[in-house]
Amino acid sequence: MSDRPVLAPTREELSTLLADARRAGRPVGLVPTMGALHEGHAALMREARARVGDGPVVVSVFVNPLQFGAGEDLDRYPRTLDADLEVCAREGVDVVFAPSVDEVYPGGDPQVTVEPGPLASVLEGRSRPGHFRGVLTVVAKLFGLVRPDVAVFGQKDYQQLALIRRMAADLCLAVDVVGAETVREAGGLALSSRNRYLDEEQRTEALALSRALYAAQEAAAYGLAPALDAARAELRAAKAVDLDYLEVTTPDLEPLPDPVPPGTEARVLVAARVGSTRLIDNMALRIGAATDDRDQQGER
Ligand code: PAF
């Protein structure tokens, strides 16, 4: 395809644009987004390109009302389509699917939605009831419209990624769901479209989230409690950070066994408000590695 990217505001245009690739059997890559694109999204586009080669990469730009609760930031969520198209052009994206709400939900709110199951009642789901039903419903619709072979999501939204993987497996959706590493600013702040709500002072305070996760990673060598203590100390020191949750789970977001066997792989996840902006972040960690190493060296 030339003159990339081509903007497709309707399902029909999207389908026409992908028809040749489908006929030729070329794989289709999808990067679902809500726009306000940044370097983190660009990395997802590069991952999609690496996976589909000369097949088309589609980026969807759609602020999905179904995943916003009452009092959340649906109205003020940044809508920056011109700038988004420039990011997509730089990354060699073929099609930008940017439908209206009516195009995605022609009859208003859908009667049938995707029930996300128990994984949606912890962490983000506890603070944002209904959020993941909205996410999975729109992602299922995008999978139906684009019919991608590969879909790429960021690990920053770790629970979302886990639920989308679960949906694809449980509903036998023929799509390879890929999770890409979180992209961070030099200071450690995870890139997010919502970072643009932060003023200079809040941006500095927000660094406490990634600092807390790095501190947990380091202290995890000595056990779960030291990891949580180290993270909490960083968060407490940032006065403008209003903590929602800080939790360590298995990589599948299940509760950890008690006691935690040395060398256990885990995930630490945090959500907090800085001013009126809700931020989330997460990292992998390994619990009890230091104790385990000492065991292996016969020092105990
Ligand atoms: O992560 C996002 O930007 C959104 O939740 C997604 C996956 C595009 C669904 O609206």
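In each ligand, atom 1 is the first atom listed, and ligand 1 is the first ligand listed. Sequential numbering from 1 along the given sequence is applied to the chain's residues. For the numbers below, each heavy atom of this structure counts, side chains included, while hydrogens, waters and symmetry mates do not.
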Give every donor-acceptor pair under 3.5 Å between a side-chain atom in residues 133-154 and any protein atom, sequence neighbours left out.
from: Arg133; atom 1: NH2; to: Glu115; atom 2: OE1; distance (Å): 2.8
from: Thr137; atom 1: OG1; to: Val114; atom 2: N; distance (Å): 3.0
from: Thr137; atom 1: OG1; to: Arg133; atom 2: O; distance (Å): 2.6
from: Lys141; atom 1: NZ; to: Val104; atom 2: O; distance (Å): 2.8
from: Asp149; atom 1: OD2; to: Val28; atom 2: N; distance (Å): 2.8

Taken in chain and number order and not counting sequence neighbours, the residues that satisfy salt bridge (Lys or Arg N to Asp or Glu O under 4.0 Å) with Arg90 are none
For ligand 1, which atoms sit closer than 4.0 Å to a heavy atom of Pro32? 8 (C)
Does this structure show an ion pair linking Glu185 with Arg203, if we count only N-O contacts that are shorter than 4.0 Å? yes
Is ligand 1 under 4.0 Å from a heavy atom in the side chain of Thr33, in the backbone, in both, or in neither? backbone
Going by the order shown, which atoms of ligand 1 are within less than 4.0 Å of some heavy atom of Val138? 9 (C), 10 (O)
Do Gln160 and Glu124 have side-chain heavy atoms sitting under 4.5 Å apart? no
I want to know if ligand 1 touches Asn64 in the polar sense, i.e. an N/O pair below 3.5 angstrom. no
Please confirm whether Gln67 comes within less than 3.5 Å of ligand 1 when only nitrogen or oxygen atoms on both sides are compared. yes
Under 3.5 Å side-chain donor-acceptor pair for Tyr158 and Asp281: no
When distances are taken from atom 7 (C) of ligand 1, the protein heavy atom at minimum range is Gln160 NE2, 3.4 Å
